[in-house]
Amino acid sequence: MNTAPKDADGPGAARPHRPGPHPDGLRRFATIWSRAVYPTTATCMTRAEFEEHLVPLAELLSTTLHARPFDPVPARAVGQELVAAHCTAPESLPQILGVVDAYLLLYCSDPDRLPAEEGRARCARLQHAVAAGFARALQERTRAEQEALSRAALKAQSEIERALHESETRFRAVFEGATIGIGIGTLDGRVIEVNSALTRMFGGNEELVRDRRITSWVHPDDGPTVWRMYDELVRGERDHFRAEKPYHRPDGTVLWTHLTVSLLRDPDGTPRLMLALMEDITERRLLHLRLRYEATHDALTDLPNRTLFFERLEQTLAREGDAARFGLCYLDLDGFKTVNDSLGHAVGDQLLVAVAERLQNCVKGPGQLVARIGGDEFVALINDPHSTRDITDLAERALEALSTPVLVDGRELPVRTSIGIVEGPAGERTAAEVLRSADITMYRAKAQGGNRYELADPDSDARVISRHSLTNRLPAALEGHEFFIEYQPLVRMCDGGVEGAEALVRWEHPRHGVLGPDRFIPLAEHTGLIVPLGRWVLEEAVRQACEWQVRGIGGARPLRVNVNLSPRQLSHPDLVSETVAVLENAGLPPESLCLEVTESAMIRADDAELKPLRQLAELGVGIALDDFGTGYSNLASLRRLPASTLKLDRSFTRGLQQHPADPVDLKIVEGIVSLAHVLDLSVTVEGVETAAQAAHLRELGCDSAQGWYYARPGPPERVTVPLPLAAAQ
């Protein structure tokens with residue numbers, strides 16, 4: 001129940017909605033807090049002083065709310081400080097938590113730093129922490145009172161012969177006037193005296209309490225050590241013990257108490273009586289359970305949330321024994337983002353609720369749990385499955401349950417899900433490792449078309465983890481100069497001379513050694529790091545081309561350098577200006593640079609994306625259509641592309657390596673070369689590996705070639721003129 005007062009801007013005034021925290025949010029929050037809590041205090045502070053006392057507590061709550069990583073423990077100090085300020089009336093804690101629940105996010109939260117859903121979850125845990133701190137401080141204060149009462153009782157007993165009347169009067173005043181329950185019993189378990197507070201705890205019937213023996217107050221939820229400590233106290237082996245203990249009330253409800261039992265001894269030290277002090281903590285416990293439930297369950301679907309799931313998973317994995325096993329299904333809805341984007345989040349939420357209900361019905365038997373751990377991500381956990389079949393059966397039940405469309409607002413929404421399954425013995429992996437493997441496996445199921453399940457595979461996990469590791473390492477590798485360039489000569493077919501070289505980037509990884517571009521270029525393309533990496537390759541290649549020209553390599557015809565251009569670089573707005581700047585800074589003429597763009601990237605490009613290439617071609621920069629024949633283009637489409645060179649993919653020329661040459665490949669290559677020359681395009685062939693292959697290509701009219709027959713990629717000093725035609729043999 002929200003017991004927070006209405007905003008002081010007026011009776012019933014609506015809360016303001018703002019994109020960010022109010023400039024005076026902490027002060028405003030403290031004012032509202034003071035108005036709600038001050039009437040319930042017994043403090044000697046004035047109202048204004050009490051408000052000032054709350055300001056640093058509000059600041060502590062705000063700081064803890066935004067902390068990363070989030071830890072609600074510091075908020076316990078807020079509850080302790082409020083108890084210290086004498087906010088201890090029965091209605092104080094509901095008022096305190098009500099204001100935190102209603103106004104903390106409103107006045108003390110920054111939406112730019114803390115999303116609303118996460119803020120609500122954190123606010124609930126902060127309330128839990130405040131309540132825990134409040135309870136602990138109140139408990140300690142009560143314990144101090146209890147000890148004082150106990151000392152008073154002992155003193156009264158020890159001085160009974162000297163001042164019986166005075167001691168009895170004092171004891172009776174404390175005994176009857178105490179707000180906590182007090183009972184006195186004999187060592188054989190008979191209750192001989194109880195005060196009014198204890199009688200009220202048990203429904204007001206004193207005879208019912210006194211007629212029962214202490215050993216009959218057993219409850220199924222008693223702690224495992226309560227009765228052991230009781231036996232030790234009766235035997236005189238301990239003087240007191242404390243515990244939380246439940247009791248059955250006559251009306252069938254449960255009374256939860258904080259129990260302190262002390263042993264009363266005669267002057268000679270002989271145990272004589274027991275003194276029990278009981279504090280009713282039923283409401284506090286119910287509040288604790290409510291806050292715990294809210295902190296561990298998803299507000300939308302009412303399923304266990306990520307916090308509770310990880311607790312259960314860690315408990316499952318911590319078990320020991322050969323029979324201790326686990327099974328986990330990680331589910332992610334296919335295309336759920338489309339539902340949110342097209343139909344709205346309200347419809348998406350209803351869909352999630354329906355999915356949660358169906359998945360909950362798939363879970364059977366004890367030791368099984370279904371939780372929602374993310375937007376459209378669910379997990380199912382099974383303890384001690386008999387075999388992998390138990391897990392796959394659950395996955396199949398989930399797929400079957402979701403196969404029927406969900407009806408939302410008159411619409412039938414189809415539901416598809418991809419499932420990753422991890423199964424194995426407990427104790428071998430951490431919870432994070434298990435969930436990572438399940439996540440990787442789930443995405444493998446999506447890659448297979450979705451709406452299916454896949455079993456975890458250690459080799460697949462290792463490949464994904466390796467890719468992730470390389471991706472994370474890329475920025476540091478570029479900054480740490482771990483990349484280098486090798487050059488593969490481009491040979492003129494007519495005379496065997498070197499006309500240029502293709503720049504091929506390599507990665508000198510500190511752990512994995514030299515990595516080829518196939519290992520890291522797709523990762524760089526995906527992360528966007530391909531733009532600065534490509535700029536570095538261009539700068540290094542242009543610098544090397546200038547060095548070749550200064551040294552006179554290439555003679556009257558300076559060597560050209562070919563640099564690959566990725567699809568993301570092709571769409572970069574500064575492609576033209578950066579390329580021109582690199583050429584001008586190095587002093588290299590544009591004709592000495594050729595940019596290679598894959599056929600698929602150039603064919604997909606529209607006129608706006610081709611405009612930078614046309615501008616560079618007009619400046620004199622060569623444009624090569626790389627990997628020709630691997631895409632979906634045809635020769636007629638080449639007329640609209642700003643290409644000057646066609647690089648024929650090696651798949652067309654493999655048949656020329658055999659003897660005799662494949663006649664079909666000969667005709668295909670002859671046709672491509674002839675038509676390319678008609679379109680005024682030069683033809684470069686990749687992957688030339690034999691002398692016979694080179695001879696065929698020369699006869700077919702190819703202009704240039706590269707491959708291991710001529711030279712493998714290597715350092716720039718190996719690019720020489722003339723190049724021995726058998727250098728690779």
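Just so you know, these numbers use all the heavy atoms, side chains as well, and skip hydrogens, waters and symmetry mates.
- Atoms CG and OG1, from L533 and T527 in turn, are 9.5 Å apart once rounded to the nearest 0.5 Å.
- With no hydrogens or angles considered, no side-chain donor-acceptor pair links D332 and S418 at under 3.5 Å.
- Checked by atom type and distance alone, the side chain of S403 pairs as donor or acceptor with a backbone atom of E400 at under 3.5 Å.
- Counting non-hydrogen atoms of neighbouring residues, nucleotides and ligands closer than 6.0 angstrom, the NE2 atom of H526 reaches no more than 12 such neighbours.
- Note that the CG atom of L82 and the CD1 atom of I96 stand 4.5 Å from one another [nearest 0.5 Å].
- Summarising the local packing, CD of E508 is surrounded by more than 12 heavy atoms from other residues, nucleotides or ligands at distances under 6.0 Å.
- The line from OG1 of T392 to CG of L455 is 7.0 Å long, rounded to the nearest 0.5 Å.
- Other residues, nucleotides and ligands contribute at most 12 non-hydrogen atoms within 6.0 Å of the CD atom of E117.
- The line from CG of L138 to CZ of R284 is 5.5 Å long, rounded to the nearest 0.5 Å.
- Nearest heavy-atom pair, E294 versus A124, reported as atom, atom and distance to 0.1 Å: OE1-CB, 4.5 Å.
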Given the rule in the salt bridge (charged side-chain N to carboxylate O under 4.0 Å, His left out) test, do R444 and D457 qualify, once you have shown the distances and angles that lead to the verdict?
CA-CA 10 Å; R444 184 150 50 85; D457 173 50; 5.3 Å; no
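- Between H297 and Y293, the two ring planes are parallel [angle under 30°; tilted spans 30° to 60°].
- The aromatic rings of F483 and W536 are tilted relative to each other, their planes meeting at an angle between 30° and 60°.
- In the model, R143 has a side-chain atom that pairs as donor or acceptor with a side-chain atom of Q139 under 3.5 Å.
- Heavy-atom contacts from other residues, nucleotides or ligands closer than 6.0 Å to CZ of R68 number more than 12.
- Between L328 and F309 there is a side-chain heavy-atom pair separated by less than 4.5 Å.
- Atom CG of D71 is separated from atom CG of L126 by 10.0 Å, given to the nearest 0.5 angstrom.
- In this structure, the side chains of W507 and E482 come closer than 4.5 Å at one or more pairs of heavy atoms.
- Proximity of H219 to V254: side-chain heavy atoms (C-beta onward) are separated by under 4.5 Å at one or more points.
- The line from CD of E454 to OG1 of T441 is 8.0 Å long, rounded to the nearest 0.5 Å.
- Contact annotation: the side chain of N564 never approaches that of I521 to less than 4.5 Å [non-hydrogen atoms, C-beta and beyond].
- Annotation: R76, atom CZ; neighbour count of heavy atoms from other residues, nucleotides and ligands within 6.0 Å does not exceed 12.
- The 12-atom threshold is not exceeded at CZ of R519, counting heavy atoms of other residues, nucleotides or ligands nearer than 6.0 Å.
- Between R473 and P510, some side-chain heavy-atom pair lies under the 4.5 Å cut-off.
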Go through the steps for L435 and R306 under the test side chain to side chain contact (heavy atoms under 4.5 Å, CB included), then give the verdict.
CA-CA 11 Å; L435 201 64; R306 189 181 189 90; 3.7 Å; yes
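- The pair E396-R389 meets the salt-bridge criterion, since a charged nitrogen lies less than 4.0 angstrom from a carboxylate oxygen.
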